[in-house]
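A quick note: this is a predicted structure, and the numbers were derived from the prediction, not measured. When a ligand or atom number is given, it counts from 1 through the structure's own listing order.
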Amino acid sequence: MTMRLDYLSIFPGYFDVLDISLLGKAVDNGLVEVHAHDLRDWTHDRHRTVDDTPCGGGAGMVMKPDPWGEAFDGIIGIEPDPSVHVIFPTPSGIPFTQSAAQELSTVERVVFCCGRYEGIDHRVIDYARTMWTVHELSLGDYVLNGGEVAALAITEAVVRLIPGFMGNPESLAEESFSPGQERLLEYPLFTRPVSWRGMDVPEVLMSGHHGRIAEWRREESLLLTRDRRPDLTD
Ligand SMILES: NC(=O)c1ccno1
């Protein structure tokens, strides 16, 4: 399966980075197909206007619905299709989690709608919900200047889970938040040299005793999770 990823933004250049590293390799080996679009290509005035003042007053500008609607028509189509997943990165979205990344890694088409200014006219989201499967997703309780960086983060979290993307799928099994990890944070990692600036790799990790190593790692994960993310252990 090839996953098609579309990005709608007034700064499509943000997505040039997807040609680099593993994501670039995923494109080269046909796992993903990436299309970045400039929302202004669906405007019709000299200034290629995409925003206007908010109805009801308030600071800043709101993204007009018209360019979004025409871009949807051109990029996705005018027929409803729930197999298309449309993502609006927004601080008011539901928290984006590893399980959401896992679910999205199995779909064939994802369209990212990257808002700017104060946000997108809500009718755009309401319209999208009548046509496709919509996700309003938040990376965390903070505000970015737009959805582009969040779209890149979500892309990386999703694409790396596509079968065939990671050279060694085993490396996914023990990461933080991996399925079967009981929502535990990953244990501390070490490699050679065994001694570095007066600090040594924990002896148990050099013992070759797999049972003890597994026990040490689980204990470290439990301690780390309890300390940093007690919410995960509820
Ligand atoms: N917190 C977020 O995910 C976000 C997306 C756009 N601005 O903030």
Please name the pair of heavy atoms, one in [X] and one in [Y], separated by the smallest distance, quoted to 0.1 Å.
{"X": "Pro12", "Y": "Ala36", "answer": "O-CB, 3.9 Å"}
{"X": "Arg183", "Y": "Thr225", "answer": "O-CG2, 3.9 Å"}
{"X": "Pro91", "Y": "Tyr142", "answer": "CB-O, 3.7 Å"}

For [X], the ligand 1 atoms whose distance to one of its heavy atoms is below 4.0 Å:
{"X": "Thr90", "answer": "4 (C), 5 (C)"}
{"X": "Gly146", "answer": "6 (C)"}
{"X": "Gly140", "answer": "1 (N)"}

Quiz prompt | Same cluster (ILVMFWY, side-chain, under 4.5 Å), Ile125 and Val62 | solution = no
Just need the protein heavy atom nearest to [atom], so name the residue and atom and give the distance.
{"atom": "atom 1 (N) of ligand 1", "value": "Tyr142 O, 2.8 Å"}
{"atom": "atom 7 (N) of ligand 1", "value": "Leu144 N, 3.2 Å"}
{"atom": "atom 3 (O) of ligand 1", "value": "Leu139 N, 2.7 Å"}

Quiz item: How long is the gap from CG on Asp231 to OG1 on Thr233, to the nearest 0.5 Å?
Solution: 7.5 Å
Quiz prompt | Under 3.5 Å: N/O of Gly147 near N/O of ligand 1 | solution = no
Practice problem: May I ask you to check whether Val143 has an N/O atom sitting below 3.5 Å from an N/O atom of ligand 1? | Solution: no
Quiz item: Taking 4.0 angstrom as the limit, do Glu203 and Arg212 come out as a salt bridge?
Solution: no
Quiz prompt | For ligand 1, the portion of Asp141 having any non-hydrogen atom under 4.0 Å away | solution = neither
Quiz item: Does Gly115 have a non-hydrogen atom less than 4.0 Å from ligand 1?
Solution: no
Quiz item: Using the benzene-type ring in the case of Trp, are the ring centres of Phe72 and Trp132 under 6.0 Å apart?
Solution: yes
